[in-house]
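Right, one structure below, let's go through it.
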Amino acid sequence: MAGHSGQLVVAVDGPSGSGKSTISRRVAQALDARYLDTGAMYRAVTWAVLRDNVDLADAEKIHAVAASAALGIGTDPAEPHISVDGVGVDREIRGTEVTQAVSAVSAVPAVRALLVALQRDIIAEAGRIVVEGRDIGTVVAPGADLKVYLTASADERARRRSTENATNQAATAADLARRDRLDSTRAADPLRQADDAVVLDTTALGIDEVVERLQRMLDKVTA
């Protein structure tokens, strides 16, 4: 098991349903580290954009909302939370409306620049942290001690997400495919694997197995 002192940044990237959130939180707890879900930050901004009835095609207004929204981000892996202007939105940002709009908001370069700067500040302040998202190893923390790209088959990712959200699996599969396509083809910071990331296919692995493998990787990195 990796040591519990000193600075440590673990970057976990991958598509929706690959197990990023559960695994990242578990690893952070094992390391006595902080945890940051960058996707929740983009979702929170999206929630604010929808709250203000901003046109999803209006990049300038979307950026204005993002710039004025006060995000409260809790990085305790046991109880991560997020708020916008003092309002807790943990449940709301996982709803269908936000899920359908988040890729459009995330594609605005000025929004990404704003949130990446905030994410880097949180990482620097934390010292020891596990950060998950879609551009962590490539953009947010390219100097991370360990970069992992989690993936799984499209069917398995849809099964997991539909089970988690109690939704239709076929509809979930279609939505995941849509988001993957949008997020991997956007001009600014697209979803992609960092050249030096370890790729881990979680299709046939349980959560405990994945966490154990990551801990073994960290032992080598921090030895």
Side-chain angles (χ1 to χ4, degrees), residues 9-14 16-29 31-56 58-136 139-141 161 164-167 175 179 182-183 188-189 191:
V9 179
V10 180
V12 182
D13 288 303
S16 299
S18 56
K20 294 193 304 291
S21 297
T22 303
I23 290 158
S24 296
R25 287 177 64 182
R26 285 274 301 273
V27 170
Q29 287 176 298
L31 293 171
D32 192 25
R34 309 310 290 176
Y35 159 74
L36 178 61
D37 175 359
T38 63
M41 296 170 69
Y42 286 100
R43 284 175 172 270
V45 170
T46 302
W47 178 86
V49 166
L50 295 172
R51 174 199 63 187
D52 293 353
N53 295 310
V54 172
D55 186 338
L56 292 177
D58 192 333
E60 198 170 310
K61 284 187 179 177
I62 288 173
H63 175 239
V65 171
S68 63
L71 299 185
I73 301 150
T75 58
D76 180 348
E79 284 186 293
H81 64 83
I82 193 158
S83 63
V84 180
D85 300 328
V87 178
V89 292
D90 296 281
R91 179 171 294 184
E92 289 80 359
I93 64 171
R94 304 297 171 184
T96 303
E97 196 177 6
V98 169
T99 296
Q100 289 178 343
V102 67
S103 289
V105 172
S106 300
V108 177
V111 172
R112 299 201 72 81
L114 196 72
L115 292 188
V116 167
L118 179 54
Q119 290 155 13
R120 286 174 175 163
D121 286 345
I122 292 169
I123 291 168
E125 189 176 327
R128 296 173 60 78
I129 190 166
V130 179
V131 190
E132 62 139 309
R134 286 155 124 75
D135 65 344
I136 311 308
V139 176
V140 178
R161 188 50 56 89
E164 179 185 329
N165 297 339
T167 51
D175 185 60
R179 287 187 57 207
L182 290 171
D183 292 347
D189 310 338
L191 163 66

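- Closest approach of Ile82 to Ala44, counting heavy atoms only: CD1-CB, 3.8 Å.
- Closest heavy-atom contact between Arg128 and Leu31: NH2-O, 3.0 Å.
- For Arg25, the side chain to side chain donor-acceptor pair (under 3.5 Å) test picks out no residue, with sequence neighbours left out.
- Lys20 places no side-chain N or O within donor-acceptor distance of the main-chain N or O of Val12, the cut-off being under 3.5 Å.
- Asp85 is linked by a salt bridge (charged side-chain N to carboxylate O under 4.0 Å, His left out) to Arg51, counting only residues two or more places apart in sequence or in another chain.
- Put simply, CD1 on Ile73 and CE on Met41 are 3.5 Å apart, with the number rounded to the nearest 0.5 Å.
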**OP:** Output, in order, the C-alpha distance, side-chain angles, deciding distance and verdict of side chain to side chain contact (heavy atoms under 4.5 Å, CB included) for Val45 and Leu114.
**Re:** CA-CA 11 Å; Val45 170; Leu114 196 72; over 6 Å; no
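- The two atoms that bring Ala48 and Val65 nearest to each other are CB-CG1, 3.6 Å, heavy atoms only.
- Thr22 meets the side chain to side chain donor-acceptor pair (under 3.5 Å) test with no other residue; sequence neighbours excluded.
- For residues 105-126, the salt bridge (charged side-chain N to carboxylate O under 4.0 Å, His left out) pairs, not counting sequence neighbours, are Arg112-Asp135, Arg112-Asp189.
- Contact between Trp47 and Val84 at its shortest, heavy atoms only, is CZ3-CB, 3.8 Å.
- When all heavy atoms are compared, the tightest approach of Ala66 to Val111 is CB-CG2, 4.1 Å.
- Between the CZ atom in Arg134 and the OG atom in Ser103 there is a gap of 6.5 Å [rounded to 0.5 Å].
- Under the rule for a salt bridge (charged side-chain N to carboxylate O under 4.0 Å, His left out), Arg43 has no partner lying at least two apart in sequence or in another chain.
- Listed here is the closest heavy atom pair of Pro77 and Pro80: O-CD, 3.5 Å.
- For residues 89-100, the set of pairs meeting the salt bridge (charged side-chain N to carboxylate O under 4.0 Å, His left out) definition, not counting sequence neighbours, comprises Asp37-Arg94.
- Legend: residues meeting side-chain contact (heavy atoms from CB on, under 4.5 Å) with Ala101, ordered by chain and number and at least two apart, are Thr46, Leu50, Leu56.
- A 4.5 Å side-chain heavy-atom check between Thr38 and Leu115 finds every atom pair outside the cut-off.
- For the side-chain contact (heavy atoms from CB on, under 4.5 Å) test, residues two or more places apart in sequence or in another chain that qualify with Ala11 are Ile136, Ala144, Lys147.
- The side-chain hydrogen bond (donor to acceptor under 3.5 Å, both in side chains) analysis of residues 60-77, with sequence neighbours excluded, yields the pairs Arg34-Thr75.
- Side-chain atoms of Glu132 and Tyr35 form a donor-acceptor pair, as typed in the model, at a separation below 3.5 Å.
- Residues that satisfy the side-chain contact (heavy atoms from CB on, under 4.5 Å) test with Asn53, not counting sequence neighbours, are absent from this structure.
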